[in-house]
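Just so we're on the same page: letters track the sequence lines, and every chain starts at 1.
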Amino acid sequence: MTETLPPRTADLPAQWIPGEVEAGMYQRWVEAGYFTPEGKGDKPPFCIVIPPPNVTGSLHIGHAFEHTLIDVLVRRRRMQGYDALWLPGMDHASIAVHALVEKALAEEGTSRRELGREAFIERTWQWKAEHGGSILSQMRRLGDSVDWTRERFTMDEGANHAVLTMFKKLYDDGLIYRAERMVNWSPALRSVLSDIEVNHVEVEGELVSIRYGDGDDAIVVATTRVETMLGDTAVVVHPDDERYAHLIGTQIELPLVGRTIPILADEHVDPEFGTGAVKVTPAHDPNDFEIGRRHGLPMPTIMDESGRITGTGTEFDGMDRFEARVAVREALAAQGRIVAEKRPYLHSVGHSSRGPQEPIEPRLSLQWFVKVGPLAQAAGDAVRDGRVAVHPKEMEPRYFAWVDNMHDWCISRQLWWGHRIPVWYSPDGSEQVCLGPDEQPPAGWTQDEDVLDTWFSSGQWPFSTLGWPEQTADLDRFYPTSVLVTGYDILFFWVARMMMFGLYAMADRGPEQSIPFHTIALHGMVRDERGKKMSKSAGNTVDPIQWMDAYGTDAVRFTLARSANPGTDAPVGEAAVQASRNFGTKLWNATRFALANGADPALPLPSEPTDADAWILGRLNEVAADVDALLEDFQYAKAVEALYHFTWDELCDWYVELAKVQLRDESRADGTRAVLGHTFDVLLRLLHPVSPFLTEALWQALTGGESVVVAPWPAEAGSPVDAAAAGRVTDLQKVVTEIRRFRTEQRVPDARRVAARLGGLDGTGLGGHRGAVAALNRLDLAESPDFTPTATLEIALPGGTVHVELDTSGAIDVAAERARLGRDLTAAQKELDQADKKLGNPKFVEKAPAEVVEGIRARRATAAADIERITSRLGALPQS
RNA sequence: GGGCGCGUAGCUCAGCGGGAGAGCACUCGGCUUACACCCGAGCGGUCGCAGGUUCGAACCCUGCCGCGCCCA
C-alpha cells in the first residue's frame with residue numbers, strides 16, 4: 001500500500017457522513033488486495049461462493065440481508081487469519097433474460113424468431129453488456145468483501161467448459177436421457193418448466209359435468225378444463241363399479257369430435273369421487289397419461305406451443321385454451337350435454353413462477369431429463385451421515401423431504417439464451433451423439449435446438465467457479481467450500497442440485513472431500529416492520545439503496561444482522577434502521593470522546609486497575625467471547641445485540657462517565673486512557689464485520705493501524721473477570737440510580753447541584769467511589785458542620801446500607817416521597833411473600849439445589865430489611 | 001393429508017426448568033463541556049386456553065383454539 005495512513009488524531013470530524021466516505025474506503029480495500037486470498041501458504045482456507053444473483057437483477061432487501069450475513073462470516077474469518085475467499089458472480093437467468101430481450105424486440109416490431117438464433121444471442125450479450133449486472137456495483141456499495149479478481153458468470157468460458165463436461169459425463173453414465181413425458185408447459189414462454197418452477201395456487205374455476213353417449217349407455221364425466229375433452233381417448237371406471245359394469249368394454253362417441261372411444265376398467269379410479277367415471281386425456285394430464293400408458297391408449301396432442309387448440313379437426317382449432325374452454329362448454333350445452341355446472345369451484349392449478357404468472361399446461365413433450373435417483377440418494381446421504389451439516393437442524397426434514405422424493409429433473413428449455421444441449425443428430429435423425437467441449441460433430445449433423453435449465457450450470461457453481469474440470473490450484477485449495485448461505489425458501493432450487501453435482505463430479509476425491517460445502521446455513525426471509533411478507537403486489541417492499549442513502553450502509557447492515565435469527569424470518573422497518581444509525585452515531589461520539597481524552601491502545605493497561613477499569617475489561621472479555629461463539633453458530637442477532645448492549649448500556653452509560661472522573665485524577669488518567677483505548681480498539685474490531693465502514697474510520701483514527709479489515713479478530717480480549725470489582729460497580733450503579741430516582745421524583749432540576757453528605761460508603765466497599773457518586777449525581781459533597789439536610793435516603797446493598805443526606809433547599813414533596821416509598825414497599829413485600837412461600841415448602845428446601853435455596857434465603861433477608869427500612873422512613877415522614 | 005414452525009409489554013421479537021427482557025412506541029424532566037440521531041427517570045405483561053410432569057413451568061409432556069410456511 002502506497003497510500004498514506006491517516007494520522008492518529010483526536011480531531012475526528014464531529015459527524016460521520018457515510019455517503020462521503022464509503023465508496024472511497026471500499027475502493028482502497030479492493031486496491032489493497034484485502035479481499036483476494038493469498039491462495040497458498042499455511043493460512044487455513046475459508047471459502048464461500050456467492051449464491052449467484054440473476055444477471056437481470058438489482059439489489060433487493062433479500063440480497064442485502066444474505067450478503068450482510070455472508071460478509072460477516074467472511075470478514076470474521078479473514079480477521080481470524082484464514083485465507084478467506086468470497087467468490088462473486090452471476091447466473092445467466094435464461095428465462096428472465098428472454099423475457100426482457102423479447103419484450104424489447106416486440107416493441108421494435110420484431111421477434112426472436114424473425115431475428116434468428118445467432119442474432120438473438122448476439123443481441124442478448126449486447127443487452128448484458130449495457131444493462132446486466134447492476135447488482136455488482138450495488139454489492140460494492142454494500143461493502144461485500146468479495147474477490148473481484150475471481151468474478152464469474154455462468155456463461156463465461158470456464159463455466160461453459162464445466163457445463164459441457166458435466167453433461168457429457170452424465171450422458172455417458174446413463175444419467176441423462178431424452179423422453180416424451182408429461183411436462184409443465186408455459187404457453188407464454190413456449191417452453192417447458194421444471195416442477196419447482198411451478199406453484200400450485202387455489203383458484204376459483206368451474207367443474208362441468210358432461211354426458212357422453214345417450215340413453216342407457218350414457219356416462220357422465222366431470223372436468224375443470226372442458227376443452228381437454230377434445231383430446232379424450234377413453235373413459236375409465238372402477239372394475240367393481242356395478243353402475244358401469246355393463247358398459248365396460250363398449251365404445252362411446254366423443255361429443256363434438258365424433259371419434260369413438262372405449263370405456264375401460266381401471267383400479268385407480270375412485271368410485272366415490274364424482275360420478276365414478278373419469279374422462280382420459282393422456283396428452284394433457286399427468287394422471288391420464290399414466291392411465292393411457294397402462295391401457296395403450298392413443299395420446300393425441302390437441303394444444304400447440306402457445307396454448308391454442310390444434311389438430312382436433314373441429315371448429316375449435318386455433319382458439320386459445322381459455323377461449324376454447326368457454327366455446328366447448330357452450331357447444332356441449334347446445335347439445336344438452338351439460339348435466340351440471342359447479343361454479344365457483346375451488347381447485348388447485350399450477351402457475352408459472354417464471355415470467356407471467358399464467359396457468360401452466362400439462363403437455364406431452366419430448367424433453368431431456370436427469371435421472372436423479374442415484375444423485376439424490378448421495379445428496380441425502382451426505383447430510384444423513386453428517387458430512388454436511390444443515391443449520392439450523394430443524395430444517396433437515398425439509399431437505400430430506402425434497403431429495404428423497406425427487407422426480408427426474410427436466411433440463412431442456414425451448415429457449416436460446418443459455419447452454420445449448422451438446423447433442424447432435426444425424427441427417428436422417430436415426431443417430432445421436434453427445435460431444436464434449438473440445439469435440440467436433442460429424443459434418444452435416446445438426447445440434448439439438450434446446451438450451452439447458454439455468455440451474456444446470458448454477459448447480460456446478462461451487463466447483464466450476466474454482467476452475468473445474470481443470471484441476472486448478474483454487475479447486476485444490478478451496479474445495480470443498482466452507483459454508484453455503486442461502487434462504488430456506490430456495491433450499492430446493494439449488495442446494496440440492498449443488499449437492500448432487502458436487503458429490504458426482506468430485507466423487508474421485510472420496511466421500512469427505514467431494515461434498516460442495518461443509519455447512520448449509522439457512523436464513524429466513526426479510527419481512528416488513530409488521531412481519532408481513534414483502535411483495536410488489538402488497539406494495540410493502542423496501543429499497544435497501546434508499547435506506548443506505550438515508551442512513552448509511554453500516555446502519556442497514558447492522559439492522560439486517562440484528563434481525564437475523566437462524567432460519568427464521570427477519571422483520572425490518574425504517575424505525576429499526578434509524579435505531580441502527582443512532583447506534584453508529586453513539587459509537588462515533590463515544591470514540592471521539594475517547595480520542596479527545598488521549599485514549600490509546602498502545603499504552604500499557606494499568607497494573608492496579610480501578611473497579612471501573614477491571615469491570616469494563618472483564619465485561620469486554622465476556623462480550624468478545626460471547627460474540628465469537630455466537631457468530632461461530634450463525635447467531636447474528638444475538639451477537640449484534642450483545643455488542644449493542646455492551647456499547648450503549650455499559651461502556652457509554654457507565655464506564656465513560658466514570659472515566660471522566662478518573663481522567664481528572666493524575667494518578668489514574670494514564671490507566672484510564674489505556675483502558676479506553678484498549679476497549680474501543682477491541683470493540684471496533686468486534687463490530688467491524690457487521691458495520692465495516694464506520695469501524696474502519698474510527699479504528700484507524702484510534703490505533704493508527706493500516707486497516708481494521710486485516711486487524712486480528714479479538715477472541716481473547718485479555719482480562720479475566722474480577723468479580724469483586726464488578727460487584728462494587730453494580731453497587732455503585734444502584735446508589736447512583738437511587739439518588740437519580742429521588743431527584744427526579746422530588747423534581748430537582750437536572751442541572752442543579754445539590755449539597756449532600758454520603759454515609760456508609762466505606763462499610764459497603766464503595767469508599768473509593770465517593771467522587772463518582774457525586775459526579776454522576778451532580779452532588780456537592782458537604783464537609784461543613786452547618787450542612788442541614790432536608791431529605792435523607794437509605795440504599796440497601798448486600799454489604800450494608802448507604803445513607804444519603806441531601807439539602808434540596810426547601811421542603812421535600814412529601815406526597816411524592818410517600819408514593820415512591822410506597823411502590824418500593826409493595827415490591828419488597830411481594831418479594832418477601834414469594835420467598836416465604838418457597839421456603840415454607842419443605843420439599844423445596846429438601847429437593848432444590850443448595851445454591852438455589854441459599855439464593856432465595858438471601859433474597860428474603862434483603863426484602864425483610866427493605867421493608868423495615870422503608871416502613872421506618874415512611875413513619876418518619878411529616879404528616880401531610 | 002404429511003412436515004416444519006409460531007402464538008410473551010401497544011408493535012416487532014429474544015428468553016425455553018429456579019428473581020418476566022430488548023428495540024421501537026408512550027409518559028415526565030432535561031440543549032449537564034462525546035452524543036438532543038442525546039441524557040435521566042418512569043408507565044406497560046393472569047408469557048393463546050385447559051390439563052399433566054416437577055419441590056418449582058413462559059420454558060418439558062398431552063389436548064384444544066388461532067396463525068404462518070413448505071410438500072402432496
- Message: Counting distance alone, no hydrogens or angles: does the base of B:rC4 have a donor or acceptor under 3.5 Å from a partner atom on the side chain of A:Arg398?
- Response: no

- Note on the structure: The contact string for nucleotides 22-27 of chain B, one letter per nucleotide 5' to 3', using protein heavy atoms under 4.0 Å with B, S and - for base, sugar-phosphate only and none, comes out as SSS---

- Message: Over all strands shown, is A:Glu396 touching base, sugar-phosphate only, or nothing at heavy-atom distances under 4.0 angstrom?
- Response: nothing

- Using a heavy-atom cut-off of under 4.0 Å over every strand shown, decide if A:Val656 touches base, sugar-phosphate, or nothing. base

- Query: Just checking A:Asn405: base, sugar-phosphate only, or nothing, at a heavy-atom cut-off of under 4.0 Å?
  - Reply: nothing

- N/O donor-acceptor pair under 3.5 Å between A:Tyr636 side chain and A:Leu69 backbone: yes

- Ionic contact status for A:Arg673 with A:Asp600, cut-off 4.0 Å: no

- Message: What is the separation between atom CG on A:Asp195 and atom P on B:rA72, rounded to the nearest whole Å?
- Response: 8 Å

- Distance, rounded to the nearest Å, where A:Asn199 contributes CG and B:rA72 contributes P: 11 Å

- Are the charged groups of A:Asp836 and A:Arg860 less than 4.0 angstrom apart, N to O? yes

- Note on the structure: Dot-bracket assigned to RNA chain B with the 3.5 Å Watson-Crick/G-U criterion, [ ] for crossing and | for other-strand pairs, is ((((((((.[[[[.)..(..]]]].(((((.......))))).....[[[[[..)....]]]]]))))))).

- Query: Which of parallel (below 30°), tilted (30 to 60°) and perpendicular (above 60°) describes A:Phe583 and A:Phe558?
  - Reply: parallel

- Query: Is there a donor and acceptor pair closer than 3.5 Å between the side chain of A:Asp750 and the base of B:rG29?
  - Reply: yes

- Between P of B:rG56 and CG of A:Leu839, the distance in whole Å: 15 Å

- Query: Are A:Arg619 and A:Glu622 close enough for a salt bridge, meaning some N to O gap below 4.0 Å?
  - Reply: yes

- Task: Mind checking A:Thr591 for me? I need base, sugar-phosphate or nothing, with any heavy atom below 4.0 Å counting as a touch.
- Result: nothing

- Message: Distance check needed: B:rU54 C1' versus A:Asn841 CG, whole Å only.
- Response: 11 Å

- Item | Check: A:Tyr488/A:Asp569 side-chain N/O donor and acceptor closer than 3.5 Å | yes

- How would you label the contact of A:Arg740 with the nucleic acid (heavy atoms, under 4.0 Å): base, sugar-phosphate, or nothing? sugar-phosphate

- Check: A:Lys734 side chain, A:Ala796 main-chain N or O, donor-acceptor pair, under 3.5 Å: yes

- Message: Nearest whole Å is fine: how far is B:rC70 P from A:Leu491 CG?
- Response: 13 Å

- So, A:Arg823 and A:Glu745, do they make that salt bridge, N to O below 4.0 Å? yes

- Hey, which of these two, A:His407 or A:Glu831, hits RNA chain B nearer its 5' end, going by closest nucleotide? A:Glu831

- Message: By the 4.0 Å heavy-atom rule, please label A:Arg741 as base, sugar-phosphate, or nothing.
- Response: sugar-phosphate

- Would one find a side-chain N or O of A:Lys837 under 4.0 angstrom from OP1 or OP2 of B:rC55? no

- Query: Contact class for A:Glu846 (heavy atom, under 4.0 Å): base, sugar-phosphate, or nothing?
  - Reply: nothing

- Message: Let's test your reading of the model: under 3.5 Å, does the base of B:rG29 pair with the side chain of A:Arg747 as donor and acceptor?
- Response: no

- Between A:His523 and A:Phe65, ring centroids under 6.0 Å: yes

- Looking only at N and O atoms, is any donor in the side chain of A:Glu657 or the base of B:rA34 less than 3.5 Å from an acceptor on the other one? yes

- Mark yes or no: A:Arg562 above the aromatic ring of A:Tyr644, with NZ or CZ under 6.0 Å from the six-membered ring centre and no more than 45 degrees from the axis. yes

- So does A:Lys393 get a side-chain nitrogen or oxygen closer than 4.0 Å to the phosphate oxygens (OP1/OP2) of B:rC4? no

- Task: Starting from C1' on B:rC70, measure out to CE on A:Met525 and report it in whole angstrom.
- Result: 11 Å

